[in-house]
2 protein chains.
Amino acid sequence: MRFTPEREIILDEVLKAKTHLEADSLFLTLYQRGIKVSRATVYRTLDLLIKCGLAEKNSFGQNHAHYESVFGTIHHDHLVCLSCEKVIEFIDEEIEELQDKICEKFGFKAVKHSHQIFGYCEKCQKSQN
Amino acid sequence: MRFTPEREIILDEVLKAKTHLEADSLFLTLYQRGIKVSRATVYRTLDLLIKCGLAEKNSFGQNHAHYESVFGTIHHDHLVCLSCEKVIEFIDEEIEELQDKICEKFGFKAVKHSHQIFGYCEKCQKSQN
DNA sequence: CTAATTGCAAATCATTTGCACCAAT
DNA sequence: ATTGGTGCAAATGATTTGCAATTAG
């Protein structure tokens, strides 16, 4: 496994991203900064980061995926605003435990989960009045 | 809103489907039965059913969507087997309540949610030994 | 009648892949 | 040197769309 400049750039971006990032937007950002990394490499490297356990992929029901660094974060789930697309993270230990119980009940061995609540954030609710 | 034969056929299929269905597979099934409905109409009609609140769309992180009739079912979430792709439904009132609490906490107005646990079903765990 | 609906084929959009060229070990 | 990595452009796969032909109300 080689540590190429392209991989370093993409890893950096993922690590420093405060919010979820999309593969294509990442490519575009780099492109606009004059950094030459191809779309293919962006996709390939993001996949790699996931395989290495450094990032996670979410789909949020949209047609494109979101990537997020796993580094320095605890597992969390998401509230997704249908109006401004803002993503709020939440953690709930009780829900995690209930999930374990459910899996037990079905003899299911959980690997990961994906839990999103879609709706309207405080700000968008107000501005809709 | 017209009630065309195409719409009747697709609605029927969705209502009688015991499991989740995929748009393309539905098209293929109909095609093999000699029923002439175009792919476009399948997609258009499924969208319509969702807009009418008769069906729901799930994405499960795969590259294609799953559709499911809402009729005669209670809200439920899913366990998705990564090996055989089987989908097990589950309902947990406690989790639903905890979700409401979380939304309250963030001033978030929930519209719907999507909650999946990915892993290995009992059968696949055994066959992997 | 006539506006809504369909089928077709072409268009999109996100993502993946084949392959010749290039670079890290 | 060798093998893995990159860029490009073409391929893919799911879904959407433009438009002319069709049909339900």
Side-chain angles (χ1 to χ4, degrees), chain A residues 1-14 17 19-52 54-68 80 85 87 114 116, chain B residues 1-14 17 19-52 54-68 80 82 85 87 114 116 118:
Chain A
M1 175 82 81
R2 293 187 189 163
F3 191 58
T4 64
E6 290 84 355
R7 288 184 178 173
E8 183 170 10
I9 290 163
I10 294 166
L11 176 58
D12 266 13
E13 289 301 314
V14 171
T19 176
H20 297 232
L21 41 75
E22 294 154 37
D24 209 72
S25 314
L26 174 52
F27 163 74
L28 252 39
T29 305
L30 295 176
Y31 184 81
Q32 283 164 356
R33 281 200 225 142
I35 302 169
K36 31 46 184 154
V37 178
S38 71
R39 242 189 204 90
T41 298
V42 170
Y43 278 101
R44 283 190 277 232
T45 306
L46 288 172
D47 276 356
L48 213 59
L49 295 182
I50 290 164
K51 273 181 203 126
C52 301
L54 292 170
E56 272 179 5
K57 193 176 182 176
N58 291 84
S59 65
F60 295 156
Q62 288 160 286
N63 49 335
H64 59 269
H66 289 227
Y67 298 82
E68 168 176 38
V80 183
E85 303 208 329
V87 176
S114 154
Q116 300 99 34
Chain B
M1 174 85 79
R2 293 187 188 164
F3 192 59
T4 64
E6 290 84 356
R7 289 184 176 170
E8 181 169 14
I9 290 162
I10 294 165
L11 176 58
D12 266 11
E13 289 302 314
V14 171
T19 177
H20 296 233
L21 42 74
E22 295 153 38
D24 209 71
S25 314
L26 174 52
F27 164 75
L28 251 40
T29 306
L30 295 176
Y31 184 82
Q32 283 165 356
R33 280 199 225 142
I35 302 169
K36 30 54 190 145
V37 178
S38 71
R39 243 187 204 91
T41 297
V42 170
Y43 279 100
R44 283 192 276 233
T45 306
L46 287 173
D47 277 355
L48 212 60
L49 295 181
I50 289 164
K51 273 180 204 127
C52 301
L54 291 170
E56 272 179 8
K57 193 176 181 174
N58 290 85
S59 66
F60 295 156
Q62 289 160 286
N63 49 335
H64 59 269
H66 290 227
Y67 298 83
E68 169 177 36
V80 183
L82 294 170
E85 303 207 327
V87 176
S114 154
Q116 300 98 35
F118 299 94

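This one's a predicted model, so the numbers in the text were calculated from it and none came from an experiment. Throughout, a chain's letter reflects where its sequence line sits, starting with A, and its residues are numbered from 1.
In this structure, the CG atom of Leu46(A) is 15 Å from the C1' atom of dT6(D), given to the nearest Å. Protein atom CD1 of Ile9(B) is 12 Å distant from nucleotide atom P of dA24(D), rounded to whole Å. One can place CG of Leu26(A) at 15 Å from C1' of dA14(C), the figure rounded to the nearest angstrom. Counting to the nearest Å, the C1' atom of dA14(C) and the CD atom of Glu22(A) are 11 Å from each other. Rounding to whole angstrom units, CD of residue Gln62(B) and P of dT16(C) are separated by 14 Å. The distance between atom CD of Glu8(A) and atom P of dG5(D), rounded to the nearest whole Å, is 16 Å. Taking atom CG of residue Leu48(B) and atom C1' of nucleotide dT17(D), one finds them 16 Å apart after rounding to whole Å. Between the P atom of dT6(D) and the CD atom of Glu6(A) lies a distance of 5 Å, rounded to the nearest Å.
One finds a salt bridge joining Glu13(B) and Arg33(B) here, because a Lys/Arg side-chain nitrogen approaches an Asp/Glu carboxylate oxygen to under 4.0 Å.
Interatomic distance, CD of Glu68(B) versus NE2 of His20(B), reported as 4.0 Å (0.5 Å rounding). With rounding to the nearest 0.5 angstrom, the CG atom of Leu54(A) is 12.0 Å from the OG1 atom of Thr45(A). Between the CG atom in Leu49(B) and the NZ atom in Lys57(B) there is a gap of 12.0 Å [rounded to 0.5 Å]. For the atom pair Leu46(B) CG and Leu26(B) CG, the distance stands at 6.0 Å (nearest 0.5 Å).
No side-chain heavy atom of Glu6(A) sits under 4.5 Å from any side-chain heavy atom of Ile35(A).
Which of dA24(D), dA14(C), dT15(D) sits closest to the side chain of His64(B) comes down to dT15(D). In the set dA14(D), dC13(C), dG7(D), the nucleotide with an atom closest to the side chain of Arg44(A) is dG7(D).
Judged purely by atom type and a 3.5 angstrom limit, Arg7(B) uses its side chain to pair as donor or acceptor with the backbone of Arg2(B).
When the side-chain nitrogen and oxygen atoms of Arg7(A) are compared with OP1 and OP2 of dG5(D), one or more of them lie within a distance under 4.0 Å. Listed pair Tyr43(B) / dT15(D) meets the phosphate criterion, a side-chain N or O lying under 4.0 Å from OP1 or OP2.
Taking the six-membered ring for Trp and thresholds of 30 and 60 degrees, His66(B) and Phe60(B) have ring planes more than 60 degrees apart, a perpendicular arrangement.
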For nucleotides 1-3 of chain C, give me every protein contact, N/O to N/O, under 3.5 Å, one pair per line with atom names.
from, atom 1, to, atom 2, distance (Å)
dA3(C), N3, Arg2(B), NH2, 2.8

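Comparing Ala65(B) and Thr4(B) against DNA chain D, the residue whose closest nucleotide sits nearer the 5' end is Ala65(B). Each of Phe3(B) and His66(B) has a nearest nucleotide on DNA chain D; the 5'-most of these lies closest to His66(B).
Within a heavy-atom distance below 4.0 Å of DNA chain C, the residues of residues 27-42 of chain B found are Lys36(B), Val37(B), Ser38(B), Ala40(B), Thr41(B).
Here the closest non-hydrogen pair linking Ile10(B) and Val42(B) is CD1-CA, 3.7 Å.
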